[in-house]
**Q** 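Have a look at this one.
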Amino acid sequence: INLPGPSAQLTIQVALTPLIANNGPLGYVPGSHRMGMPGYEVVANPPLGSVVLYDSFVEHRGIENHTKQNRYAMYYEFETRGLFGGYTEDHFGPRAAEHTYAFRA
């Protein structure tokens, strides 16, 4: 089972600072977008300027930053039009859907 379908939503993370195990990288559960739970987590430690691509429906989380420095990353999201992306129309506020539909018109 793919939830909600293959490549329905893709996230791209660009590391603007090196992301290491103790400064807040992302952890992923491989196969969770297919209802598989292997019992372990993979932590991405991309160097500065590197790109991490992942299906947005893979279980993922931000790991706590234990350093005194901020860490920065930029995210891009790509969704397949017409597929359920996991968000309700008012997920981002009462006027979010209105803005989205006007943008797509």
Side-chain angles (χ1 to χ4, degrees):
I1 298 174
N2 284 338
L3 297 176
S7 304
Q9 189 173 356
L10 174 70
T11 300
I12 301 170
Q13 176 196 52
V14 180
L16 301 179
T17 54
L19 299 176
I20 56 176
N22 66 347
N23 76 342
L26 291 180
Y28 306 89
V29 178
S32 56
H33 64 302
R34 296 179 176 268
M35 302 292 285
M37 301 302 280
Y40 62 89
E41 179 178 71
V42 174
V43 177
N45 294 300
L48 174 66
S50 294
V51 174
V52 177
L53 296 109
Y54 61 95
D55 185 312
S56 302
F57 288 89
V58 168
E59 289 287 330
H60 61 281
R61 68 182 181 102
I63 297 173
E64 187 174 349
N65 184 349
H66 292 283
T67 70
K68 294 183 188 297
Q69 291 79 36
N70 291 326
R71 68 89 163 153
Y72 297 97
M74 183 168 35
Y75 294 89
Y76 297 94
E77 297 255 341
F78 296 93
E79 295 183 7
T80 302
R81 182 178 279 188
L83 289 179
F84 175 63
Y87 300 114
T88 60
E89 286 195 351
D90 64 348
H91 182 83
F92 295 106
R95 298 192 60 212
E98 175 186 338
H99 173 77
T100 299
Y101 297 137
F103 178 77
R104 290 180 178 169

**Q** Heavy-atom distance under 4.5 Å between the side chains of Arg71 and Leu19, does that happen here?
**A**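 Arg71 reaches Leu19 side chain to side chain.
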**Q** Check step by step if side chain to side chain contact (heavy atoms under 4.5 Å, CB included) holds for Val52 and Leu26.
**A** CA-CA 10 Å; Val52 177; Leu26 291 180; over 6 Å; no
**Q** Would you mind reporting whether Arg61 and Glu59 have side-chain heavy atoms less than 4.5 Å apart?
**A**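 Result no, sub-4.5 Å side-chain heavy-atom pair not found.
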**Q** At their closest point, which heavy atom of Asn45 faces which heavy atom of Ala21, and how far apart are they?
**A**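 Smallest interatomic distance, heavy atoms only, reads OD1-N, 3.1 Å.
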**Q** Shortest non-hydrogen contact from Val58 to Tyr28?
**A**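 Nearest pair, atom of Val58 first, then Tyr28: CG1-CB, 4.2 Å.
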**Q** For atom OH of Tyr75, decide whether the heavy atoms of other residues, nucleotides or ligands shown that lie under 6.0 angstrom number more than 12.
**A**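 More than 12 within 6.0 Å, yes.
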**Q** Would you compute the distance between atom CG of Asn23 and atom CD1 of Ile63 and round it to the nearest 0.5 angstrom?
**A**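 Between atom CG of Asn23 and atom CD1 of Ile63 there are 10.0 Å.
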**Q** I need the Thr11 OG1 to Asp55 CG distance, nearest 0.5 Å.
**A**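 That separation rounds to 8.0 Å.
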**Q** Looking only at non-hydrogen atoms, find the nearest pair between Tyr54 and Leu10 and report the distance.
**A**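 So the minimum-distance heavy-atom pair works out to O-CD1, 3.6 Å.
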**Q** Compare every heavy atom of Ile12 with every heavy atom of Phe78, then report the nearest pair and how far apart it is.
**A**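 Smallest heavy-atom distance, with atoms named: CE1-CD1, 3.4 Å.
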**Q** Quick check on the hydrophobic clustering: are Tyr40 and Val29 connected, directly or via other members, by side-chain heavy-atom contacts under 4.5 Å?
**A**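 No, because Tyr40 and Val29 fall into different hydrophobic clusters, even though each may have its own neighbours under 4.5 Å.
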**Q** What are the two closest heavy atoms between Gln69 and Asn65, and how far apart are they?
**A**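 Closest pair (atom of Gln69, atom of Asn65, distance): O-ND2, 2.9 Å.
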**Q** Looking at Ala15 and Pro47, what are the two nearest heavy atoms and their distance?
**A**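 Looking at all heavy atoms of both residues, the shortest contact is CB-O, 3.5 Å.
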